[in-house]
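All remarks here apply to the structure that follows.
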Amino acid sequence: MHDSLGPPADLPADIAATCACFNIRKAARAVTALYDAVLQPTGLRATQATLLVAVATAGAPTLSRLAEALLLDRTTLARDLKLLADQGLVSITPGGDRRTRRVQLTDAGREKMREVVPLWREAQARFIAEGLGPERWGRLYDDLQEVVKVARA
C-alpha cells in the first residue's frame, strides 16, 4: 500500500518527464487548444476542422481510406463524421459495394472551409511564424513523421 498523497514507492519519479506518450499527448492538447481558440468563430473545433480539410483534400474518399490516412479507428471516424454530417457539412453515401461508404464535402462544407482557412492560417502563424519559427517547425515536422513511423512499426 502507498500513501495517498504521493506515488507508489516503486514508481519511477521521472516517469512523466520521460514518457513519450504522456509528453506527445500533452503537446498535442496544447496545440489543439490554440487552434480551438482561433477557430472558435467558425463553430468548429480543431479536430472537426482538420477532418473537414482531410475530406476536402481527399476528394470523395471511402471511410476506410480516410481512417487509414488519419490513423483513426473506423468507428471513431464514423462518429466524428456523423457530427459533421448532422451539421450538413459532409455527406456520407454508399460506395462501390455494400460494405463501403464515401464521404465528401457538401456546399455548406465548402462554405465552412472558406470560413476556416483564414483562421487556420492565423493559428499556423501564431504557432509557427511567431512561435517555433519555420526552421524549427521544419525539423519538428520531420521528427513527427518519424515518430509516426516508429510507433506504427
Side-chain angles (χ1 to χ4, degrees), residues 7-8 10-92 95 99-106 108-153:
D10 60 344
L11 185 65
D14 66 343
I15 196 164
T18 61
C19 178
C21 183
F22 174 83
N23 286 287
I24 290 170
R25 289 181 58 82
K26 180 179 170 184
R29 284 189 300 273
V31 172
T32 300
L34 166 67
Y35 280 72
D36 279 348
V38 173
L39 293 171
Q40 190 275 330
T42 69
L44 294 179
R45 299 193 56 112
T47 51
Q48 294 169 319
T50 300
L51 187 50
L52 215 57
V53 168
V55 171
T57 57
T62 63
L63 263 61
S64 294
R65 184 169 300 269
L66 192 57
E68 182 180 308
L70 296 170
L71 299 180
L72 282 173
D73 177 82
R74 255 184 66 106
T75 57
T76 301
L77 176 62
R79 184 184 66 241
D80 293 346
L81 283 172
K82 183 177 180 334
L83 296 172
L84 295 176
D86 289 348
Q87 296 175 57
L89 302 177
V90 299
S91 65
I92 302 169
R99 296 176 305 168
T100 61
R101 294 185 300 162
R102 293 198 174 276
V103 60
Q104 61 189 78
L105 290 183
T106 62
R110 283 185 278 285
E111 185 60 37
K112 184 61 78 172
M113 286 295 302
R114 285 189 275 282
E115 238 181 285
V116 165
V117 169
L119 295 173
W120 172 84
R121 289 181 206 260
E122 180 184 330
Q124 283 284 101
R126 282 191 199 178
F127 184 71
I128 297 171
E130 301 165 21
L132 291 178
E135 287 180 30
R136 193 169 173 197
W137 165 243
R139 289 190 307 272
L140 177 57
Y141 177 84
D142 291 342
D143 289 344
L144 290 171
Q145 301 314 302
E146 192 62 28
V147 166
V148 170
K149 285 180 193 173
V150 169
R152 295 194 79 200

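Any value given below was found using the heavy atoms of this structure, including those in side chains, with hydrogens, waters and symmetry copies removed.
Checking R74 against S64 by side-chain atom types alone, a donor-acceptor pair falls below 3.5 Å.
Every pair tested for salt bridge (Lys or Arg N to Asp or Glu O under 4.0 Å) that includes a residue from residues 144-153 fails, sequence neighbours excluded, so the list is empty. The salt bridge (Lys or Arg N to Asp or Glu O under 4.0 Å) contacts involving residues 37-56 comprise D36-R45, where partners must be two or more places apart or lie in separate chains. Evaluation of the salt bridge (Lys or Arg N to Asp or Glu O under 4.0 Å) test over residues 75-86, restricted to residues two or more places apart or in two chains, returns K82-D86.
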Legend entry - Intermediate values then yes/no, side-chain contact (heavy atoms from CB on, under 4.5 Å), V117 and V53: CA-CA 9 Å; V117 169; V53 168; 5.9 Å; no

Inset, instruction - Under the side-chain contact (heavy atoms from CB on, under 4.5 Å) rule, what do Q48 and L84 come out as? Steps first, then yes or no, please. - result: CA-CA 7 Å; Q48 294 169 319; L84 295 176; 4.0 Å; yes

Inset, instruction - Show your reasoning for whether side-chain contact (heavy atoms from CB on, under 4.5 Å) applies to L105 and M113. - result: CA-CA 9 Å; L105 290 183; M113 286 295 302; 3.9 Å; yes

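L63 contributes atom CG, which lies 14.0 Å from atom CZ of R99 (distance to the nearest 0.5 angstrom).
Listed by chain and residue number, nothing satisfies the side chain to side chain donor-acceptor pair (under 3.5 Å) test with D142 (two or more places apart in sequence, or in another chain). Here T42 pairs with L39, L44, K112, E115, V116, L119 under the side-chain contact (heavy atoms from CB on, under 4.5 Å) rule; sequence neighbours left out. R126 is linked by a salt bridge (charged side-chain N to carboxylate O under 4.0 Å, His left out) to E122, counting only residues two or more places apart in sequence or in another chain. Every residue was checked against the salt bridge (charged side-chain N to carboxylate O under 4.0 Å, His left out) condition with E68, not counting sequence neighbours, and none meets it. Under the salt bridge (charged side-chain N to carboxylate O under 4.0 Å, His left out) criterion, R139 pairs with no residue, sequence neighbours left out. Taking T100 as the reference, nothing meets the side chain to side chain donor-acceptor pair (under 3.5 Å) condition, with sequence neighbours excluded. Every residue two or more places apart in sequence or in another chain was checked for a side chain to side chain donor-acceptor pair (under 3.5 Å) with Q87, and none qualifies. Listed by chain and number, the residues in a side-chain contact (heavy atoms from CB on, under 4.5 Å) with A54 are L66, L70 (sequence neighbours excluded).
More than 12 heavy atoms of other residues, nucleotides or ligands shown are found within 6.0 angstrom of CZ on R110. The environment of CD in E135 is sparse: at most 12 heavy-atom neighbours from other residues, nucleotides or ligands sit within 6.0 Å.
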Can you list, pair by pair, the side-chain donor-acceptor contacts under 3.5 Å of residues 16-31, counting residues two or more places apart and other chains?
| from | atom 1 | to | atom 2 | distance (Å) |
| --- | --- | --- | --- | --- |
| T18 | OG1 | D14 | O | 3.0 |
| N23 | ND2 | A16 | O | 2.8 |
| N23 | ND2 | C19 | O | 2.9 |

